[in-house]
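So the structure is just underneath, and the comments pick up after that.
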Amino acid sequence: MKKFGMLFVFIISLLLPCQANELVDDYYDIANNYLESGNTTRALEYIDYVLMINPKFSKAIQLKNRLLPQESNDDLSRAAMTLSKQRNLSDLAILDIPRTDKFKIENNSDYYNKQGKQFYLNEEYDSAIQSFFRAVSIDNRNYIAYNNLGMAYWMKNNLDSAEKYFRKAAATSKSYPQPYINLALLYKQKGDLNKQYTYLKKALDVNPTNYWTYYLLGDYYTSVGNYPASIPYYIDAINLNLNFAPPYLALAIAYFKTDKYEQSITTLKNYIEFNPNSDFAYSMLAKNYYILGQYLTAKKHMKTAIKINPTSIYRFELAKIEYNAGEFANALLNLEIIEPEYQYPEIYNYIGLCNLGLKRYELAIINFNKAIVLDSKRAIYYYNLAQCYKQLDDKNNYVKYMNTALQVTPVLYQDYIDLSCIYYNTGKINLAVKMLQDGIQANPDSKPLYLALFNLYDRLDDQAGYNYIKSEIESRFNSDEKKKTIKFNK
C-alpha cells in the first residue's frame, strides 16, 4: 500500500485552530511593517500567508487589492503610493509631462491625466480627482483618465464613485481590460465574489494573454479555498510571463495546500531566484520539508528565514521541527526565548513535550497545566499531562487525566484528530476510526480530517477504507485541477 508523506502522529503538531487568529494578526503586522519600509514584494508575501491561514480576513484582502499593480504604463498603479515612498518616481516614464505651450496644455486631456497621476503618487487624491475630471471634460473618450478617476476615488474609500468611473472607462473602450480588473478587485473588497469572478472573466475575454488576469483568477480561487482550481491559472500566468514573480509564490502555496510538497518545493526555489532574501519563501520551504519528514533540511531553511527576519513566529516553527527531530534541548531553548512574548497554550504544550522528552517530568507537568489554564477544552493537553504521571507511576493522576481527556467534547476539527490519536495510542482502534468519521460528518469540508483518516487506514492496512477515503479526497478537494506544466526557463 502506498505510504502517505505526512505521518499520522505529526498532525497534532501542525498549526492548531486556537492559534490561527494570533498568527494571522502577527503575519498581518509583519506585512504592514514591510509596506511602511516600501518593500511591497515582501508585504505581499505575508499577505498571501495570512490569506492561506484565513482566506476571509478582510483587512488582508483590502491591503492586497491596494498593492496589486495594473497592467498598462498609462494607468495608475496599485503600488504607486508605495513607489513614491521608495523615491523611485524617476523610473516611471509615465510621469514625464510633455513640454508644450499654455494653449496646448489647457486643451490637452493627456496632460491633465498625467498631472493627476503626479498628485495621486503624492497621495494628494483630491487634487488628482480635479485633474482627472479636467482630462475627461476636455476629452470624454479618455478611458484611461476615467479609470484613473476611479482609482483616486478608491484610495479615498469612496467605493461607489470608484465603481461608477471604472464602469465608465469600460463602456468607453471595449478593448481595455483594466477597468474590468479593477471592478473585480473592488467587488472582492465588497465581498461579492460572484461579481469578482464575472469581471475577471470579462477582462480575460478582452485580453486573453493578460498574465495579471490569470494571476487574479488564481487568487480568486485561492480566496474561496479552492486551491486545486487556482493552480492552472497560476501556471498560465507564469507561462505568459516567466519573469513575473507573484504567481510563483501563490502557486507554491496552492501546491502546499493540496499536499503536493515536491512541486511546492520546486516552485519556491524558482521564486527564490527572484527574491533571494525572502524569509517567507524559506519558511515555506521549511514547512514542506518538515511535513515530508526531512527535518535537517527543514531546520536549515527555517534558520535561513530567521537569519533574514528573526521573528518569534519562525523560532516557534524551528522549535516544532527540532522537537519532531528529537532535538528536545534545542527546541526548548527556542521556546524559552519566545515564551515571554507568545504566552499561548500551544507554546506551553511544546515546552511540556520537550521536558517530557528530556524526562523532566515535574517541569513538564507545570507547563501542561499552564496550557490547560489558557485553554481547558483541548483533550491533547490532558493526555500529555497524563503521560507525565504515567512515567512517575502515579496511577491515580494518570487515570484522572486520561479520563478527563476522553470526556472533552470535540468542537474544532483538531479536537477530533487529537482524540483519535489518543484512542489509537491506547489501543482503541475502532474508536480512533469512529472519532475521525464523526469529525468528517461534523466538518465535511475539513481536509485535515480526511487526511488523518487516510493515514489511519494506511497504518491499519485497511485497503478498502484507504481506497474509499483516497477517492473522497480526490473528488472533494482535488477534482478541479487541470493538468498544466510550467516552463521554468527564465
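Everything quoted here is computed from the prediction, not taken from an experiment.
- Lys156 meets the side chain to side chain contact (heavy atoms under 4.5 Å, CB included) test with Tyr125, Asp126, Ile129; sequence neighbours excluded.
- For Asn396, the side chain to side chain contact (heavy atoms under 4.5 Å, CB included) partners at least two apart in sequence or on another chain are Asp394.
- When only modelled atom types and interatomic distance are considered, Glu262 and Tyr255 share no side-chain donor-acceptor pair under 3.5 Å.
- Remark: the backbone N or O of Tyr468 is paired with a side-chain donor or acceptor of Ser471 at under 3.5 angstrom.
- Taking Ala364 as the reference, Asn355, Leu356, Phe368, Cys388 meet the side chain to side chain contact (heavy atoms under 4.5 Å, CB included) condition, with sequence neighbours excluded.
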Query raised in the report: Would Asn349 and Asn367 satisfy side-chain hydrogen bond (donor to acceptor under 3.5 Å, both in side chains), going step by step from the backbone distance to the final call?
Result: CA-CA 6 Å; Asn349 181 49; Asn367 283 282; over 6 Å; no

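- Phe477 has its ring centre less than 6.0 Å from the ring centre of Tyr450.
- Leu216 and Leu185 get closest at one heavy-atom pair: CD2-CD2, 4.1 Å.
- Side-chain contact between Tyr314 and Tyr282: absent, with no pair of heavy atoms (C-beta onward) separated by less than 4.5 Å.
- Between the side chains of Asp192 and Gln196, no donor-acceptor pair is found at a separation under 3.5 Å.
- Put simply, the side chain of Asn324 gets close to the backbone of Lys320: a donor and an acceptor are under 3.5 Å apart.
- Contacts of Lys300 classified as side chain to side chain contact (heavy atoms under 4.5 Å, CB included), with partners at least two apart in sequence or in another chain: none.
- Of all heavy-atom pairs between Lys428 and Leu406, the closest is NZ-CD1, 4.1 Å.
- When each of Tyr248, Tyr220, Phe244 is paired with Tyr215, the ring pair (Phe, Tyr, Trp, His ring centres under 6.0 Å) condition holds for Phe244 and for no other.
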Query raised in the report: Taking it one step at a time, do Asp279 and Lys307 satisfy salt bridge (Lys or Arg N to Asp or Glu O under 4.0 Å)?
Result: CA-CA 8 Å; Asp279 54 291; Lys307 184 177 180 180; over 6 Å; no

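- For the pair Ile338/Asn334, no side-chain contact is recorded, criterion being any heavy-atom separation below 4.5 Å from C-beta on.
- With hydrogens and angles ignored, the 3.5 Å screen pairs no side-chain donor or acceptor of Asn275 with any backbone N or O of Asn277.
- The side chain to side chain donor-acceptor pair (under 3.5 Å) check on Tyr199 picks up Arg167, with sequence neighbours excluded.
- The closest side-chain donor-acceptor pair between Glu346 and Tyr381 falls under 3.5 angstrom.
- Remark: the Trp154 side chain and the Gln189 side chain contain an N/O donor-acceptor pair separated by less than 3.5 Å.
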List the atom pairs, with distances to 0.1 Å, where a side-chain N or O of residues 436-445 and a protein N or O form a donor-acceptor pair under 3.5 Å, not counting sequence neighbours.
unit_1: Gln437; atom_1: NE2; unit_2: Tyr457; atom_2: OH; d: 3.2
unit_1: Asp438; atom_1: OD2; unit_2: Lys434; atom_2: NZ; d: 2.9
unit_1: Asn443; atom_1: ND2; unit_2: Gly439; atom_2: O; d: 3.3

Requested in this report: Dump the intermediate steps for side-chain hydrogen bond (donor to acceptor under 3.5 Å, both in side chains) on Thr222 and Tyr234, then the final yes or no.
Outcome: CA-CA 10 Å; Thr222 292; Tyr234 290 138; 2.8 Å; yes

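- With a 4.5 Å cut-off on side-chain heavy atoms, Lys201 and Leu217 count as touching.
- Asp259 and Tyr261 share a donor-acceptor pair across their side chains, judged by distance under 3.5 Å alone.
- Judged by distance alone, with hydrogens and angles left aside, the side-chain atoms of Ser420 form a donor-acceptor pair with the main-chain N or O of Ala432 at under 3.5 Å.
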Query raised in the report: Given the rule in the side-chain hydrogen bond (donor to acceptor under 3.5 Å, both in side chains) test, do Gln407 and Tyr382 qualify, once you have shown the distances and angles that lead to the verdict?
Result: CA-CA 10 Å; Gln407 290 169 6; Tyr382 296 104; over 6 Å; no

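- Aromatic ring centroids of Tyr323 and Phe328 lie under 6.0 Å apart.
- Closest of all the heavy-atom pairs between Val408 and Leu419 is O-CD1, 3.8 Å.
- Inter-residue side-chain proximity for Tyr361 and Lys390 is flagged as unmet; no heavy-atom pair is nearer than 4.5 Å.
- Thr258 places a side-chain N or O within 3.5 Å of a backbone atom of Ala254 that can act as its donor or acceptor partner.
- Side-chain contact annotation: Glu327 with Tyr295, donor-acceptor N/O pair under 3.5 Å absent.
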